[in-house]
Structures are given as structure tokens and as C-alpha cells.
Amino acid sequence: MEPTNQKFLERVVSQKALQMGSSFSCQICVVGFLCGVCLTSLFLAVLTSVGTFGFTGISFSSLSMGNSPLNSSSEIIKLGILEFPVKLSQDLIDGLMHGMMDIIQGYVITSSDYQSKVKETARWVDSKGREPESDDDERVSLLTEAWGALLADREPEESEFSKRFGLSKSSLPNTPHLENCKLSAQVNKRLDTRSGAGRFPPWTTWKGSLNMYPATETDENLRSFKDQPVSDGAYPPWIVGSDEENYPLTRKVQSDIWIHQHPVNCHDPNIKFLVADWEKLPGFGIGAQLAGMAGLLAIAINEKRVLVTGYFNRADHDGCKASHGSWSCYFFLETSQECRDRAFELITNKEAWEKGTIKGKDSYKSKEIWTAKVPRVWGDPWSYLQPTTDINGSLIAVHHKMDRRWWRAQAVRYLMRFQTEYTCGLLNVARHAAFGKEAAKMVLASIDIDWPKVITNQPKSEIEEFVWSNHRPWVPRPLLSMHVRMGDKACEMKVVKFEEYMELAHRIQMHFPHLKNVWLSTEMQEVIDKTRSYPHWNFYYTNVTRQVGNVSMATYEASLGRKTSTNYPLVNFLMAVESDFFIGALGSTWCFLIDGMRNTGGKVMAGYLSVNKDRFW
């Protein structure tokens with residue numbers, strides 16, 4: 001009978017071999033460990049035997065207590081280049097051989113699996129890396145340029161597009177950063193127009209394109225629901241977020257302004273009008289023009305008049321082909337076309353002027369316009385504005401012009417409630433220039449690796465067409481907008497260096513460490529140059545000539561031309577409104593109005609960090 005410890009060792013060896021032989025992660029360690037166990041057991045078994053260990057070219061001899069020749073129970077065990085002529089029991093030999101075979105078999109299997117996994121991983125890496133980098137870069141460039149061609153002033157014909165890119169337009173993958181401007185304009189027009197018999201627009205709980213869902217035209221119950229008059233629970237579709245995420249009463253105020261500006265019958269003799277051109281004095285920026293029109297809208301509401309805007313000098317350029325010299329080049333008109341036609345008809349009517357049915361801007365003093373009395377129709381909701389504006393590390397809870405801040409925000413939000421197809425296109429071009437390559441890389445990582453050689457065209461599903469189409473275009477988020485105003489603004493407010501703006505950006509980043517993207521708007525080239533000192537931030541900005549040195553804003557805008565000097569500020573304005581965070585200077589009217597648009601666009605709780613306070617507070 002074999003000693004107990006020898007039996008125990010045999011069982012351990014065999015059991016260990018069976019359990020660990022198939023281990024993938026520890027295959028090398030297992031082989032080394034069990035070989036050591038085997039060698040140890042061999043040495044224990046031959047303590048009384050003479051063993052000759054033969055290594056290649058070298059031999060070692062060891063003395064034993066006796067002379068026992070090899071017999072039938074002795075075996076030559078070969079492990080690699082080792083040979084062990086030892087005397088062992090048959091059970092121990094069988095156990096050792098069985099265990100070693102399990103190890104070797106497990107090693108072979110797991111090694112095979114490992115090689116397979118390496119190949120699979122290599123294929124996965126290749127699919128992500130798109131094989132050579134040059135091929136990936138070429139695909140990104142191709143897709144970026146092809147998308148960009150569709151944004152040109154003159155979209156190429158199909159044959160021209162195919163010749164240039166070797167692709168059909170329909171083969172291009174979805175553009176996550178671009179908006180379907182034609183569709184958006186159609187949807188918005190439907191939401192901004194009374195239907196037959198003076199019925200209210202479809203401001204129901206159905207959002208955007210869902211109001212155009214075909215199934216609703218055949219279902220009588222759904223049609224009845226969509227056509228019912230606006231209820232207290234419905235609110236204008238251009239307002240995003242709840243009451244708590246906007247200035248007080250924003251949804252109700254916007255609804256009431258729209259109703260006031262869109263009477264059912266514009267020819268009703270009781271309807272009175274206020275017709276006014278936009279300010280066009282030299283040196284007046286877009287911000288000042290908007291502030292002036294906000295005053296005129298306040299007067300119109302107080303006097304129960306419909307405001308009708310006239311000539312807008314900044315739209316007097318070749319980009320505004322269909323709406324030359326009109327606010328409607330950029331945004332939907334402040335009233336219906338019917339009311340506009342009626343107002344301009346009355347302008348030539350002397351009796352209408354005498355009766356006060358119609359008034360113009362000249363009917364009011366300049367001070368009455370710029371410091372217009374804020375409408376009290378809704379009480380004084382400005383008295384409980386949430387304190388979310390930070391200046392010098394403290395929240396501003398109360399100041400002297402809270403009513404004006406609240407009203408200008410409401411007025412500008414209404415005037416800019418819907419973008420036209422032209423403005424939507426400007427934003428598409430800006431987003432593509434800034435984010436196009438990132439969007440292309442993102443899209444190419446999710447489609448067939450062989451694109452454009454292999455193209456799979458799938459028709460749009462209903463959820464894509466009517467639901468997902470309502471989502472805002474993609475931008476890298478979180479996104480911080482920063483408007484750095486310097487130059488001649490020093491005569492109106494305290495101006496600070498770019499470094500101080502970045503200190504505020506760092507404050508935000510300390511709380512939101514994933515923030516690294518900045519949409520930067522500024523007229524100063526030195527600010528753009530200083531961004532190189534912040535390599536850990538991603539800066540995006542419009543490609544436009546900027547000021548070098550200190551010149552007046554009027555001179556700078558004149559050097560750009562009317563089209564560029566209007567388009568690029570509006571793009572920056574709207575990008576700031578859509579951003580997650582904003583840093584600016586409340587002493588700048590432009591920043592003041594951006595803040596108002598954000599506070600009526602669901603961004604109240606994002607807060608606002610300002611480098612200074614408004615000069616009138």
C-alpha cells in the first residue's frame with residue numbers, strides 16, 4: 001500500500017490539472033505551477049532511489065541509500081528536454097500523466113481560443129481604425145465635403161454631385177448636426193398661422209412634425225382634438241421647458257402676445273395699428289435695434305395696437321432675396337400678412353391718422369420708446385425672478401431694472417420665436433464648419449466599414465420622420481458660449497481681458513469637469529489668438545475677419561459689409577441661446593438680450609456668469 005501522503009498528492013495533482021487545465025487567463029501560470037508540483041512529487045518519490053537527470057549536453061548524478069535497478073514499474077518521463085528515469089508506482093505515474101495531459105490539452109484549447117480572440121480583436125480594431133489612417137481620413141473628408149456641398153447657395157444637381165463625389169445624394173448618411181430647414185419652416189408656418197375660419201394654430205400636446213402625421217387626417221377624434229381652440233394648458237411651441245425653467249409666466253405671456261398680434265379679423269374697425277421701421281441710425285447695433293423694437297411692442301400692447309414692423313436695414317442685402325429689407329428675412333413676422341396689408345393700406349388714409357386708428361414711430365418721443373412703460377397686463381412677475389445671475393461670485397437677487405429685463409426678454413423671444421429657412425441655413429453652415437468633421441467621424445463609426453463602396457439605403461420609418469425629426473441638431477456637449485466684448489465698448493462699460501472670462505470658465509469646469517467645448521464670439525482678433533494658451537479647451541468660432549487694434553464698431557461692421565456684419569452676429573447669438581452655459585458682460589446690450597433669450601428658452605437654471613453688471617442697475 002502506498003503511503004497516505006503519496007495518495008493525497010496524487011489526488012491533488014489530478015484534481016488541480018482538471019480544474020485549471022482549461023483556464024484561459026492563467027494558462028502559463030498553471031503550466032509552471034503544476035510542473036513544479038510534479039517535480040516536487042518526483043523528488044519525494046525517489047528519495048531512496050538513484051536518479052540520473054540528463055539535460056542536453058550536461059549530466060548530473062546523485063547518491064542514494066541503495067542500488068535499485070529500473071523494473072517494470074519504472075518509466076522514462078520526458079518533459080520537454082528533461083528525462084527522469086525514476087522508480088514510481090503505477091498509480092502515481094498514471095495520475096501524473098493524466099494531469100499533465102489535461103494541462104496540455106487545456107493549454108492547446110485555450111491557446112487556440114486566445115489566437116482566435118486576437119484575430120477577432122484585430123478585426124474589431126481594424127473596423128474602428130478603418131484599416132490605414134489615410135483611408136479613414138479620406139472617408140471623413142469625402143463625407144464632410146459632400147455634406148458641405150448640399151449647404152452651398154446653389155445646391156449641385158444630381159449629375160454634378162455624382163461626378164464630383166462619385167455618390168448620389170440619397171447615399172449620404174444622416175447629418176446629425178444639420179437641420180432640415182425646409183421642413184422646419186413648413187412646420188413652423190403651420191404653428192404660426194390661423195387656419196380656416198380663424199381657428200387657432202395646432203398648439204396641442206402634439207409636437208412639431210407630429211402635427212402633420214397623416215393618420216390624424218383620417219381619424220375624426222384626432223382631427224377634432226387638433227382643431228380645438230387653444231386651452232389654458234396649451235402653450236406656444238417655441239417655448240422650451242417648464243415655468244420653473246423660464247422667467248415667470250413666460251408661456252402665458254408668449255401666448256397672449258401672439259393672440260394680441262394675430263387678431264381673427266384684421267379689417268375689424270376696432271383694430272388699431274402701430275407701424276414702425278427698425279432703428280437705422282449709424283452706430284446702432286442689432287442689440288440696440290431689438291431693444292428699441294421691444295419698447296415699441298410694449299407701447300403697442302399698452303395701447304391695444306397691433307405692432308407692424310417696416311424697413312429693416314440689415315436685411316437690405318443680396319442674401320435676403322425673397323424678403324429684401326424685412327425682418328422676415330431672418331425670423332417670422334410679428335403679425336399676420338393680412339394685418340400687415342391692412343396697416344400699410346391705412347398709412348395712406350388721412351382719416352385713419354386723425355382718428356388714431358394708425359400711428360407711427362414718430363408719434364412718440366425717443367425716451368418713450370427706449371424707456372417704454374412695461375405692460376402690467378400680467379401683474380409684476382419680475383418681482384420674483386429666480387436669482388441665477390452671478391457677478392463677482394455673488395448672485396444678483398434685486399436690482400433697479402428688473403421689470404425692463406423681464407420685458408425685453410419676453411419681447412425679443414416673441415420677435416425671434418421662429419427662424420426662417422434662410423436663418424436656419426446660416427446656422428447649418430456654421431455648425432458644419434465647426435463640427436462637420438466630428439460629426440462625420442461619429443457617423444462613419446456607426447455605418448458599414450466599406451462605405452462608400454457598399455451603400456445600404458433604407459427608407460425612413462415613421463418614427464424618424466415624425467418623432468426624431470423634432471430633435472435639435474447635434475453639437476458637442478456640454479457647450480459653453482462666451483461673448484467677449486471689448487474695443488470701443490469701453491466708453492459704455494468696464495471691459496476686462498480674455499483671461500478673466502477664462503477664469504469664469506474654469507469655475508464652471510470645476511463643477512462640471514466634463515466641460516471642454518467653447519463657442520467663442522468676439523470682434524477682436526487678439527482674443528482668438530489668446531485661445532492658443534488654453535490647449536485643454538476646444539474653441540469654436542465663425543470664420544470672419546476680426547478687428548486688429550481699436551476701431552469703432554460702426555467702422556468694423558462697414559468693413560465687413562452689411563450681409564456678413566448681420567449674419568455672423570445672429571449666428572453667434574442663436575448659438576449662445578442653445579448652449580448649455582453662458583459667460584458674457586451684462587453691460588453689453590447684446591449679452592443682455594442673449595441672457596433674456598436663454599431665460600425664456602428653458603435655460604434659467606443654467607445660470608449666467610457676467611464679468612460686469614448692467615450700467616443702469
Side-chain angles (χ1 to χ4, degrees), residues 147-155 169 172 174-196 199-204 206-214 216-217 226 235-240 254 257-258 261-262 309 312 314-315 317-341 412-432 460 462 464-475 563 566-568 570-571 573-575 577-578 597 601:
W147 280 343
L150 301 180
L151 299 176
D153 290 337
R154 187 191 68 81
E155 184 178 327
K169 296 178 185 179
L172 292 178
N174 181 51
T175 51
H177 61 305
L178 304 180
E179 186 173 1
N180 185 333
C181 296
K182 190 177 292 296
L183 175 62
S184 292
Q186 291 174 353
V187 172
N188 292 341
K189 184 176 181 181
R190 179 181 172 93
L191 296 173
D192 199 56
T193 307
R194 290 186 182 274
S195 54
R199 288 184 301 183
F200 210 81
W203 292 0
T204 64
W206 288 33
K207 187 175 181 179
S209 301
L210 278 175
N211 276 295
M212 303 171 70
Y213 183 50
T216 62
E217 300 304 321
K226 287 171 58 180
Y235 59 89
W238 58 87
I239 300 302
V240 177
Q254 292 295 309
I257 294 176
W258 191 93
Q261 287 291 114
H262 292 79
T309 63
F312 181 51
R314 290 181 174 273
H317 56 75
D318 59 3
C320 297
K321 296 179 176 64
S323 305
H324 199 76
S326 171
W327 179 250
S328 61
C329 173
Y330 293 101
F331 300 94
F332 278 33
L333 286 168
E334 69 292 332
T335 188
S336 66
Q337 190 60 49
E338 180 191 4
C339 281
R340 288 178 63 81
D341 292 342
V412 174
R413 169 57 64 179
Y414 176 76
L415 292 170
M416 303 177 84
R417 65 193 182 282
F418 285 133
Q419 301 164 17
T420 61
E421 187 174 345
Y422 179 69
T423 301
C424 175
L426 295 177
L427 285 165
N428 272 349
V429 170
R431 278 191 299 265
H432 186 65
K460 276 191 175 182
E462 289 189 340
E464 290 177 277
E465 186 174 355
F466 296 104
V467 181
W468 293 343
S469 61
N470 296 304
H471 287 241
R472 297 297 303 154
W474 174 84
V475 298
K563 182 178 179 179
T566 302
N567 290 355
Y568 101 86
L570 285 175
V571 165
F573 186 97
L574 294 170
M575 285 300 298
V577 172
E578 292 292 327
M597 281 286 282

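Computed over heavy atoms, backbone and side chain alike; hydrogens, waters and symmetry mates excluded. Being a predicted model, the structure only gives us computed values, none of them experimental.
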Counterpart residues, side chain to side chain contact (heavy atoms under 4.5 Å, CB included), relative to D341 (two or more places apart): Q337
Contacts of T420 that satisfy side-chain hydrogen bond (donor to acceptor under 3.5 Å, both in side chains) - sequence neighbours left out: T423
Side chain to side chain, L191 and F418, heavy atoms closer than 4.5 Å: yes
Close side-chain approach of R413 and I239, heavy atoms under 4.5 Å: yes
Residues T335 and Q261: side-chain donor-acceptor under 3.5 angstrom: no
Residues forming a ring-ring contact (aromatic ring centres under 6.0 Å, His included) with F331, sequence neighbours excluded: W327
Beyond-backbone contact of M416 with F573, side-chain heavy atoms, under 4.5 angstrom: yes
From OG1 (T175) to CG (N428), nearest 0.5 Å: 7.5 Å
Contact check, side chains of F332 and T193, non-hydrogen atoms, under 4.5 Å: no
Contact check, side chains of T309 and R340, non-hydrogen atoms, under 4.5 Å: yes
OH on Y414 to CD on Q254, rounded to 0.5 Å: 8.5 Å
Atom of E179, atom of P473 and distance for their closest heavy-atom approach: CB-CG, 3.8 Å
Counterpart residues, side chain to side chain contact (heavy atoms under 4.5 Å, CB included), relative to K169 (two or more places apart): L150, E155, E158, F161
Check: R190 and P202 side chains under 4.5 Å, non-hydrogen atoms: yes
Pairs where residues 420-430 contributes a residue and the test salt bridge (charged side-chain N to carboxylate O under 4.0 Å, His left out) is met, not counting sequence neighbours: K182-E421
H177 and W147 aromatic ring geometry - parallel, tilted or perpendicular at 30°/60° bounds: tilted
Counterpart residues, side-chain hydrogen bond (donor to acceptor under 3.5 Å, both in side chains), relative to S326 (two or more places apart): S328
Side chain to side chain contact (heavy atoms under 4.5 Å, CB included) partners for A315, two or more places apart: F312, C320, C329, Y330
Steps toward side chain to side chain contact (heavy atoms under 4.5 Å, CB included) verdict (E578, R472): CA-CA 9 Å; E578 292 292 327; R472 297 297 303 154; 3.9 Å; yes
N180 side, atom CG; Q186 side, atom CD - distance, nearest 0.5 Å: 8.0 Å
Contacts of type side-chain hydrogen bond (donor to acceptor under 3.5 Å, both in side chains), residue D192, not counting sequence neighbours: W258, R417
Heavy-atom closest pair, residues Y422 and G319: CE1-O, 3.5 Å
Any residue meeting salt bridge (Lys or Arg N to Asp or Glu O under 4.0 Å) with D318, in chain and number order, not counting sequence neighbours: K563
Polar side-chain atom of H324 near backbone of H317 as donor-acceptor pair, under 3.5 Å: yes
Residues in side chain to side chain contact (heavy atoms under 4.5 Å, CB included) contact with R154, at least two apart in sequence or another chain: E160
Rounded distance (nearest 0.5 Å) linking atom CG of L333 with atom SG of C339: 11.5 Å
Heavy-atom side-chain contact between E334 and L415 under 4.5 Å: yes
L426 versus V571, closest heavy-atom pair with distance: CB-CG2, 3.9 Å
side-chain hydrogen bond (donor to acceptor under 3.5 Å, both in side chains) partners for Q419, two or more places apart: none
Residues which pass salt bridge (Lys or Arg N to Asp or Glu O under 4.0 Å) with K189, listed by chain and number, not counting sequence neighbours: none
